[in-house]
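FYI, the numbering just counts along the sequence from 1. Only this structure's heavy atoms are used, side chains among them; waters, hydrogens and symmetry mates stay out.
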Amino acid sequence: MCILLLLSCSFYAIGNTQERLAIFKLNLVDDSEPKFYFVSVLWGSHIVIYDEDGFKKESIQPIFPDIDDGYKKYKYQLSPKYRQNFLTASGISETDNLFVYNYKYNKLYSFPISKLEIFALKDDCFPIDETYYHFGFELTLSQLPQDYDPNDTTFVYIGKENPFAQQQLTLLNWQKISDKKYDYLAQAHGLHYYLKQPPFHSDYPVCGSLLIKNEKNKILRNDDHALSLLYGRLPLNGKDKDHEYKKQWTGKLFENKPLVVFGFFSKGGKECPVIDFIDSSFSGHDINLICYSPPHRCSF
């Protein structure tokens, strides 16, 4: 089964030939005391589950505690009853694990779902009901290394087995080239990554279309990456006077799967950067990267 909201389950595509992975982001909530990490899985609490034929199978309303404080709190812990409603709605089991993988340092951390608390975090300054909340798992700062930084280099998976290959990924090192069609070149794993600047780009280089070829000059991917309506375009790896950017990576991210490349927005307006298999026979939709994060606390 799958859920027609933020997807948290793994499921099989038509024909049961390829597994689709739901990958989440780890967010540091630093405007709360104490600070904590949060994995946002669902948004809103009125969940409808459909069977494989598209028919309504179950409706879970709500997964949020009955409260009478006018939804004034930023954060609510789910009681055992509503915890089970959340697990049913998300397709997650108490016997699953939450895997946190830092691909920059090739470090993996695992946490049993049964040991994690589930919380609702406010998604609006003036919520009127439970649908204005994110639902997900909390990790305390002490559950990860003291110097851990989740920003931009962490993926989260929830399931029975760890899907990550735990092979060090490669940060793409872009070099300016003189070419009629492409502006930058990076090389890794015997492949050539060509990138073209979009028109009217900013002063610092940003992502545009990407072409990947192998050593025999065969085209493996040819993508016109679009901008995010919220974040614009992602900057290329490198440094400007104020920042160091480490956005585009490639390598073997998943066990028993082809090489991937990520750090681009897909054409179609999604707000999450995409993870693409370089093998074009694998659909880009086989990986669902969910990057919704809880907002900062409102203050007036």
Please check this pair: side chain of Asp224 against backbone of Ser209, looking for a donor-acceptor N/O pair closer than 3.5 Å.
no
Looking at every heavy atom in both Ser40 and His134, which two are closest together, and how far apart are they?
OG-ND1, 2.7 Å
Taking all non-hydrogen atoms of both residues into account, name the closest pair between Asn97 and Pro112 and its distance.
OD1-CA, 3.4 Å
Measure the CG-CG distance between Leu185 and Leu172 for me, rounded to the nearest 0.5 Å.
10.0 Å
Mind checking whether Leu210 and Asp276 have side chains closer than 4.5 Å, heavy atoms only?
no
At their closest point, which heavy atom of Trp174 faces which heavy atom of Ala186, and how far apart are they?
CE3-CB, 3.6 Å
In terms of hydrophobic clusters joined by side-chain contacts under 4.5 Å, are Val274 and Leu195 together?
no
Say you draw a straight line from CD1 of Ile92 to CD1 of Ile118; how long is it, rounded to the nearest 0.5 Å?
7.5 Å
Run the side chain to side chain contact (heavy atoms under 4.5 Å, CB included) test on Phe38 and Leu139 for me, step by step, so that the C-alpha distance in whole Å, both residues' side-chain angles and the decisive distance to 0.1 Å come before the verdict.
CA-CA 6 Å; Phe38 188 74; Leu139 294 176; over 6 Å; no
Evaluate side chain to side chain contact (heavy atoms under 4.5 Å, CB included) for Tyr245 paired with Tyr204, printing each intermediate quantity in order.
CA-CA 11 Å; Tyr245 302 103; Tyr204 188 82; 3.5 Å; yes
Within the 4.5 Å heavy-atom criterion, are Gln166 and Asn106 side-chain neighbours or not?
yes
If two hydrophobic side chains count as joined below 4.5 Å and joins carry through other members, does Val260 share a cluster with Leu211?
no
Who pairs with Glu117 by salt bridge (charged side-chain N to carboxylate O under 4.0 Å, His left out), at least two apart in sequence or on another chain?
none
Are Leu78 and Phe24 connected into the same hydrophobic cluster when the rule is that any two of I, L, V, M, F, W, Y join if their side-chain heavy atoms are below 4.5 Å apart?
yes
side-chain contact (heavy atoms from CB on, under 4.5 Å) with Ser142: which residues, sequence neighbours excluded?
Thr140
Out of curiosity, does Leu234 fall in the hydrophobic cluster containing Phe264 (side-chain heavy atoms, cut-off under 4.5 Å, transitive links)?
no
Sole residue of Asn288, Leu253, Val261 in side-chain contact (heavy atoms from CB on, under 4.5 Å) with Ile275
Leu253
Residue pairs meeting salt bridge (charged side-chain N to carboxylate O under 4.0 Å, His left out), one or both in residues 136-145, sequence neighbours left out, come to Lys75-Glu138
Taking ring pair (Phe, Tyr, Trp, His ring centres under 6.0 Å) as the test, write out the residues that go with Tyr109, two or more places apart.
Tyr148
With sequence neighbours left out, the residues meeting ring pair (Phe, Tyr, Trp, His ring centres under 6.0 Å) with Tyr182 are Tyr194
Who pairs with Tyr184 by ring pair (Phe, Tyr, Trp, His ring centres under 6.0 Å), at least two apart in sequence or on another chain?
none
Nearest-0.5 Å distance, CG of residue Leu259 to NE2 of residue His189:
6.0 Å
Candidate list Tyr101, Phe262, Phe99, test ring pair (Phe, Tyr, Trp, His ring centres under 6.0 Å), partner Phe155, passing option
Phe262
Knowing that exactly one of Asn27, Leu144, Thr154 qualifies, which makes a side-chain contact (heavy atoms from CB on, under 4.5 Å) with Tyr37?
Leu144
Looking only at non-hydrogen atoms, find the nearest pair between Pro273 and Leu289 and report the distance.
O-CD2, 2.9 Å
Flag the pair Leu116 / Gln143 as yes when at least one side-chain heavy-atom distance between them is below 4.5 Å, and no otherwise.
yes
Checking side chain to side chain contact (heavy atoms under 4.5 Å, CB included) for the pair Gln197/Arg233: CA distance, chi angles, key distance, verdict?
CA-CA 11 Å; Gln197 284 281 99; Arg233 291 186 183 272; over 6 Å; no
Option among Leu26, Val156, Val41 that satisfies the side-chain contact (heavy atoms from CB on, under 4.5 Å) test with Phe137:
Val41
Taking salt bridge (charged side-chain N to carboxylate O under 4.0 Å, His left out) as the cut-off, I'd like each qualifying pair that reaches into residues 95-111, sequence neighbours left out, listed once.
Asp96-Lys160
What's the separation between atom OG in Ser90 and atom CG in Leu42, rounded to the nearest 0.5 Å?
5.5 Å
Any side-chain to backbone donor/acceptor pair from Asn237 onto Gln248? Under 3.5 Å, distance only.
yes
Considering only heavy atoms from C-beta outward, does the side chain of Phe164 approach that of Tyr103 to under 4.5 Å?
no
Restricting to pairs with a member in residues 162-174, which pass salt bridge (charged side-chain N to carboxylate O under 4.0 Å, His left out), not counting sequence neighbours?
none
Roughly how far, to the nearest 0.5 Å, is CD1 of Ile290 from NZ of Lys25?
12.5 Å
Same cluster or not: are Ile287 and Ile278 linked, directly or through other Ile, Leu, Val, Met, Phe, Trp or Tyr residues, by side-chain heavy atoms under 4.5 angstrom apart?
no
How long is the span from the CG atom in Asn102 to the CG atom in Leu169, to the nearest 0.5 Å?
10.0 Å
Using the benzene-type ring in the case of Trp, are the ring centres of Tyr82 and Tyr76 under 6.0 Å apart?
no
Salt bridge (charged side-chain N to carboxylate O under 4.0 Å, His left out) partners for Glu244, two or more places apart:
Lys246
Is the shortest side-chain heavy-atom distance between Phe36 and Leu121 below 4.5 Å?
yes
Let's go through Ile113 and Leu98 carefully: what are the C-alpha distance in whole Å and the side-chain angles of both, what is the deciding distance for side chain to side chain contact (heavy atoms under 4.5 Å, CB included) to 0.1 Å, and is it a yes or a no?
CA-CA 6 Å; Ile113 292 297; Leu98 187 146; 4.0 Å; yes
Flag yes if more than 12 heavy atoms outside Lys239 fall under 6.0 Å of its NZ atom; otherwise flag no.
no
According to side-chain contact (heavy atoms from CB on, under 4.5 Å), who are the partners of Lys218, at least two apart in sequence or on a separate chain?
Asn214, Leu220
Applying side-chain contact (heavy atoms from CB on, under 4.5 Å) to Gln167 and not counting sequence neighbours gives Ala165, Lys252
Please name all residues satisfying ring pair (Phe, Tyr, Trp, His ring centres under 6.0 Å) with Tyr193, sequence neighbours left out, ordered by chain then number.
none
So for atom CD, which belongs to Glu215, do other residues, nucleotides or ligands contribute more than 12 heavy atoms lying within a distance under 6.0 Å?
yes
Could you report the tightest heavy-atom contact between Cys207 and Pro235, atom names first, then the distance?
SG-O, 4.4 Å
